[in-house]
Amino acid sequence: MKYFVTGITGFACPHLARLLLQEGHEVHALIRGSNGRHYDLLDFLSLEEIEKVIWHYGDLTDYDSLLNIFENNQYDGVFHLGAQSHPPTSFLYPRLTMKNNVMGTINLMMAIEKTQPECVFQFTSTSEVYGDECKDVGVLVEDMPLRPSNPYGTSKAMVDLYVQERCKNGYMKGFITRAFSHTGARRGKNFSISWDAFHLAEMFHTPHIGNRNLPVGNLKTQRIVIDVMDCMRAYYLLMQKFHFYENNLVKDVEGNKNPINGQAYNVCGAMEDVKEMGYFTDMLIDISGIKDVKKVIDKRVYRPIDIQVQVGDTTKIKRAIGWKPEVPLRETLTNLYNYWVRKLSL
């Protein structure tokens, strides 16, 4: 099949692109600028993988560039991962966050609606749409009200609801994924866990300096962390199941022709795996083998408004595609640490 992806120069989408290529699909990707930026992906993708991707130059905030792409190419599906996805940055730049995440996505959806409404649209939402409700209501389920706690979560909630409306009213076909915490290679160092891995890798490369202070944020908040590849596999399997319902004209046990259309799915690990953030920091320190590391609170990464705990119910996605995370946490954190060790050696 033929898929279009956004966010290819970010964190998660290169993992998805690799998966799509491995599964034998044709991958088209949006990139801003023709200055060879796609070769920055050589820190994760091979040259062969990069050159298999068909690149389209454009911008989510430029509707005409998107319309031109979709008028000249037909796709089976779109995986929309492109976004400003850092909550603290969204407080500093709320207008830019809304422009990229809301209007950029609406531009993309309008181009799809106008040119190929049968194309399946996957919208990458986030657990941030639930806000800090978990500490009060317990496990977060997909049909609960959306109460985001930051501009990033608000931008995603707006489009989350818009996708549901478009699908319900028959203007397009698609589904929503609400990913909880996930990490792996290429995760930006301004995100928790990757921040720790980056600074530990920096210590590894500078043993002569002797500074073993690790700047940390709030280590008491609680998260379930899964591997980015498990997350991408969930997106991929939902897309394939969507195609199955469309192509075979079958119905689910409740008589729905395509029960995935317009639905939102939590992508989260198991409830028993919820840990304080300090747990992940300590595991990374152990993986690094660096001795005498001292954790020091740093205001750069200590969020004044933070979500205390996030645990998502995954009954719905398990029922739809039988998905569950498979990559062990230690393997995930080892891959992340080794990525930064390699990156800082270049």
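For this chain, numbers begin at 1 and follow the sequence in order.
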Would you name the heavy atoms of [X] and [Y] that are closest together and state the gap between them?
{"X": "E142", "Y": "Y130", "result": "CA-OH, 3.4 Å"}
{"X": "G174", "Y": "V120", "result": "CA-CG1, 4.2 Å"}
{"X": "Y236", "Y": "L20", "result": "CD1-CD2, 3.6 Å"}
{"X": "E165", "Y": "N169", "result": "OE2-ND2, 2.7 Å"}
{"X": "S85", "Y": "P87", "result": "O-CD, 3.3 Å"}
{"X": "G58", "Y": "S65", "result": "CA-OG, 3.6 Å"}

Taking [X] for the side chain and [Y] for the main chain, is one N or O donor matched with an acceptor at less than 3.5 Å?
{"X": "S90", "Y": "Y152", "value": "yes"}
{"X": "N68", "Y": "D64", "value": "no"}
{"X": "Q74", "Y": "C119", "value": "no"}
{"X": "S149", "Y": "D132", "value": "yes"}
{"X": "E49", "Y": "S46", "value": "yes"}
{"X": "T6", "Y": "L81", "value": "yes"}
{"X": "N107", "Y": "L60", "value": "yes"}
{"X": "T177", "Y": "Y235", "value": "no"}
{"X": "H25", "Y": "M1", "value": "yes"}

Checking side-chain contact (heavy atoms from CB on, under 4.5 Å) between F180 and each of T314, V267, V311, N266, which is the one that passes?
N266
My understanding is that only one of Y75, F121, F4 makes a side-chain contact (heavy atoms from CB on, under 4.5 Å) with I112; could you say which?
F121
Could you note down all residue pairs passing salt bridge (Lys or Arg N to Asp or Glu O under 4.0 Å) where [range] supplies at least one of them, sequence neighbours left out?
{"range": "residues 90-114", "value": "E113-R166"}
{"range": "residues 179-194", "value": "D43-R186"}
{"range": "residues 144-154", "value": "E133-R147"}

Is it the case that over 12 heavy atoms from other parts of the model lie below 6.0 angstrom from the [atom1] atom of [X]?
{"X": "Y63", "atom1": "OH", "value": "yes"}
{"X": "R212", "atom1": "CZ", "value": "yes"}
{"X": "E272", "atom1": "CD", "value": "yes"}
{"X": "M271", "atom1": "CE", "value": "no"}

Which residues share a side-chain hydrogen bond (donor to acceptor under 3.5 Å, both in side chains) with K316, sequence neighbours left out
Q263
Under the side chain to side chain contact (heavy atoms under 4.5 Å, CB included) test, residues paired with [X] that sit two or more places apart:
{"X": "N100", "value": "T61, Q84, L96"}
{"X": "N261", "value": "C167, K173, F242, N258"}
{"X": "A201", "value": "Y337, W340, V341, L344"}

Between [X] and [Y], is there shared hydrophobic-cluster membership here, with clusters defined by ILVMFWY side-chain heavy atoms closer than 4.5 Å?
{"X": "L45", "Y": "L47", "answer": "yes"}
{"X": "V137", "Y": "V139", "answer": "no"}
{"X": "I224", "Y": "V327", "answer": "no"}
{"X": "L161", "Y": "M144", "answer": "yes"}
{"X": "Y93", "Y": "F91", "answer": "no"}

Can you tell me how far the [atom1] atom of [X] sits from the [atom2] atom of [Y], to the nearest 0.5 Å?
{"X": "L21", "Y": "E26", "atom1": "CG", "atom2": "CD", "result": "10.0 Å"}
{"X": "M239", "Y": "K241", "atom1": "CE", "atom2": "NZ", "result": "14.5 Å"}
{"X": "L30", "Y": "H80", "atom1": "CG", "atom2": "NE2", "result": "9.5 Å"}
{"X": "Q164", "Y": "S125", "atom1": "CD", "atom2": "OG", "result": "9.0 Å"}
{"X": "I69", "Y": "L108", "atom1": "CD1", "atom2": "CG", "result": "9.0 Å"}
{"X": "F70", "Y": "N72", "atom1": "CZ", "atom2": "CG", "result": "11.5 Å"}

Kindly confirm or rule out a cation-pi arrangement of R37 over Y57, judged by NZ or CZ under 6.0 Å from the six-membered ring centre and within 45° of its axis?
no
Do [X] and [Y] touch side chain to side chain, with heavy atoms closer than 4.5 Å?
{"X": "K52", "Y": "V27", "answer": "no"}
{"X": "C134", "Y": "I307", "answer": "no"}
{"X": "R178", "Y": "L146", "answer": "yes"}
{"X": "S194", "Y": "Y339", "answer": "no"}
{"X": "T154", "Y": "M158", "answer": "yes"}
{"X": "E51", "Y": "Y39", "answer": "yes"}
{"X": "L238", "Y": "Q122", "answer": "no"}
{"X": "Q116", "Y": "N73", "answer": "no"}

Taking salt bridge (Lys or Arg N to Asp or Glu O under 4.0 Å) as the test, write out the residues that go with [X], two or more places apart.
{"X": "D230", "result": "R233"}
{"X": "K2", "result": "none"}
{"X": "E202", "result": "none"}

In the hydrophobic clustering (ILVMFWY, side-chain contacts below 4.5 Å, transitive), which residues join Y171, or is it alone?
none
Derivation of the side-chain contact (heavy atoms from CB on, under 4.5 Å) call for Y265 and I260
CA-CA 9 Å; Y265 295 88; I260 296 177; 3.4 Å; yes
Could you list the donor-acceptor pairs under 3.5 angstrom formed between side-chain atoms of residues 275-285 and any protein atom two or more places apart in sequence or on another chain?
{"unit_1": "T281", "atom_1": "OG1", "unit_2": "D196", "atom_2": "OD2", "d": "2.7"}
{"unit_1": "T281", "atom_1": "OG1", "unit_2": "M277", "atom_2": "O", "d": "3.4"}
{"unit_1": "D282", "atom_1": "OD1", "unit_2": "K295", "atom_2": "NZ", "d": "2.7"}

What about the rings of H86 and F191, do their centers lie closer together than 6.0 Å?
yes
H182 and F11 aromatic centres sub-6.0 Å:
yes
